[in-house]
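Working notes, structure below.
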Amino acid sequence: MSIIAEHVTKIKASEVSLVSAKALELERQGKSIIRLSAGEPDFPTPDHIKMACIKALCDNMTKYPPVIGIPELREAICLKLKRDNALDYTPSQTIVSSGCKQVLYNAMTASLNPGDEVMMAAPYWMSYAGIVQLSRGIPVFIPTRQEDGFKPSASALEKAITSRTKWLFLNSPGNPSGAVYNAEDLKALADVLRRHPQVWILSDDIYEFLVYDGIKFLSLLNVAPDLKDRFLVVNGLSKAYCMPGWRLGYAAGPEDLIKAMFKIQSQSTSGATHFCQWAAVTALTGDHSFIPIHNAEYTDRRDLVVSMVNQINGLSCRPPQGAFYCYIACGTYMGKKTSGGAIISTDEELVSYLLTEAGVAAIPGTPFGMSPYFRVSFATAGSKIKKAFECIQKALGRLQ
Ligand code: PLP
């Protein structure tokens with residue numbers, strides 16, 4: 001009999017880590033690979049944040065931190081939520097964890113009974129499904145259409161709700177679609193949610209500052225404050241603050257849920273790294289002038305990706321309004337033959353072909369729940385993006 005728990009056998013490791021491992025293997029064999037696969041900024045963590053960490057280390061902030069987060073950071077989170085999102089929370093309604101991923105895991109483990117359902121619009125960030133399954137829940141996918149900007153309609157949301165539905169995950173700007181929900185989108189979803197008081201809302205706002213074309217991020221709570229009693233704000237420092245390796249995330253929500261999440265954290269990872277939490281105080285309360293500078297660069301790269309994609313026969317993508325991904329439709333290439341005679345029948349096979357034949361690492365659409373597509377990240381220098389799409393164009397041109 002296998003030692004592995006049954007529900008764990010049903011879960012795949014994150015596709016990003018699988019693609020990175022394959023890319024590394026090819027690099028070891030001497031191949032040069034352009035990675036458009038990773039979901040992390042290529043900009044370094046700003047100096048003032050690093051200096052705050054160094055100071056905390058020198059001040060010996062190296063002991064166990066409070067499990068729920070240092071009080072200074074929990075206060076900074078409340079300040080941030082008020083300043084940037086017009087949301088009122090008190091420190092006792094917040095928790096700090098080792099990354100947004102851990103926040104999500106704690107929230108699901110704290111709230112799901114076996115068989116409870118969690119809705120998410122497809123395409124969705126692949127770890128949502130894995131985290132729900134690890135917590136013995138069932139992910140339920142709400143279909144969207146490319147022509148609607150990958151945003152779900154109110155009727156699609158209504159159809160997905162059952163008596164077992166516990167949560168709706170909202171992710172705007174979204175990974176992998178880059179979709180940003182406007183007030184009208186959010187009001188339509190809120191109208192449905194009001195009719196189903198058993199459904200809680202988890203809003204993953206990690207890409208909130210990565211918005212382009214003058215668009216501003218809006219929380220569902222900004223248009224539907226009456227839903228606050230069943231709303232969990234989730235956020236982290238990995239993306240806009242360029243701190244993915246620091247592993248810092250946080251949540252704000254009803255105290256009962258925060259206390260249950262604390263319980264899980266206290267019996268698993270304990271508090272997030274102590275000196276990193278002090279750096280996070282500086283990140284949230286200090287200088288933010290680097291964000292628009294990065295966004296101007298991301299906008300240029302996005303435009304480059306979109307224009308290069310749309311010049312390639314059989315590929316298409318819409319300009320995403322947020323995050324740093326393009327989700328590229330590649331259906332035309334299904335059924336095509338490689339020079340070795342293999343038939344490409346899934347986006348996973350196409351991505352594998354692009355890795356070996358174009359030397360470009362991307363992520364297939366299948367694990368994001370919408371195929372045939374693939375995701376590229378534009379958190380990479382423009383010169384690399386240009387070279388990558390030239391190689392992609394040539395490799396696709398060799399398919400018959
Ligand atoms: N939420 C979304 C939508 C993401 O895309 C990611 C990372 O790719 C995360 C959460 C994870 O954030 P963290 O690095 O804080 O664990």
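The basis for the numbers below is simple: all heavy atoms, side chains too, and nothing from hydrogens, waters or symmetry mates. Whatever order the structure lists them in is the order used to number ligands and atoms, beginning at 1.
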Considering non-hydrogen atoms of the protein only, which is the closest contact for [atom], and what is the distance?
atom                    : value
atom 15 (O) of ligand 1 : C100 N, 2.7 Å
atom 1 (N) of ligand 1  : D204 OD2, 2.6 Å
atom 6 (C) of ligand 1  : W125 CZ2, 3.4 Å
atom 14 (O) of ligand 1 : S238 OG, 2.7 Å

Discussion item. Between F209 and H294 (judged by ring centroids, cut-off 6.0 Å), do the two rings come close enough to count as a pair?
Written reply: no
Worksheet item: Between F378 and Y325, does the ring centre distance come in under 6.0 Å?
Response: no
Worksheet item: Which bit of K239 is near ligand 1, meaning a heavy atom under 4.0 Å away: side chain, backbone, both or neither?
Response: side chain
Should you measure from each heavy atom of [X], which atoms of ligand 1 turn up under 4.0 Å away?
X    : answer
Y128 : 3 (C)
G99  : 15 (O), 16 (O)
N171 : 3 (C)

Worksheet item: Looking at H196, E117, Q198, which one forms a side-chain hydrogen bond (donor to acceptor under 3.5 Å, both in side chains) with T162?
Response: E117
Worksheet item: Are the side chain of D185 and the backbone N or O of N182 linked by a donor-acceptor pair below 3.5 Å?
Response: yes
Item to complete: Using the six-membered ring wherever Trp is involved, compare the ring planes of F141 and Y124 and label them parallel, tilted or perpendicular (cut-offs 30° and 60°).
Response: parallel
Practice prompt. Inspect the surroundings of CD in Q400 and state if more than 12 heavy atoms from other residues, nucleotides or ligands are less than 6.0 Å away.
Written response: no
Worksheet item: Quick one: does R247 get a heavy atom under 4.0 Å from ligand 1?
Response: yes
Worksheet, complete the sentence: Rounded to the nearest 0.5 Å, the OG1 atom of T366 sits from the CG atom of D347 at a distance of 3.5 Å
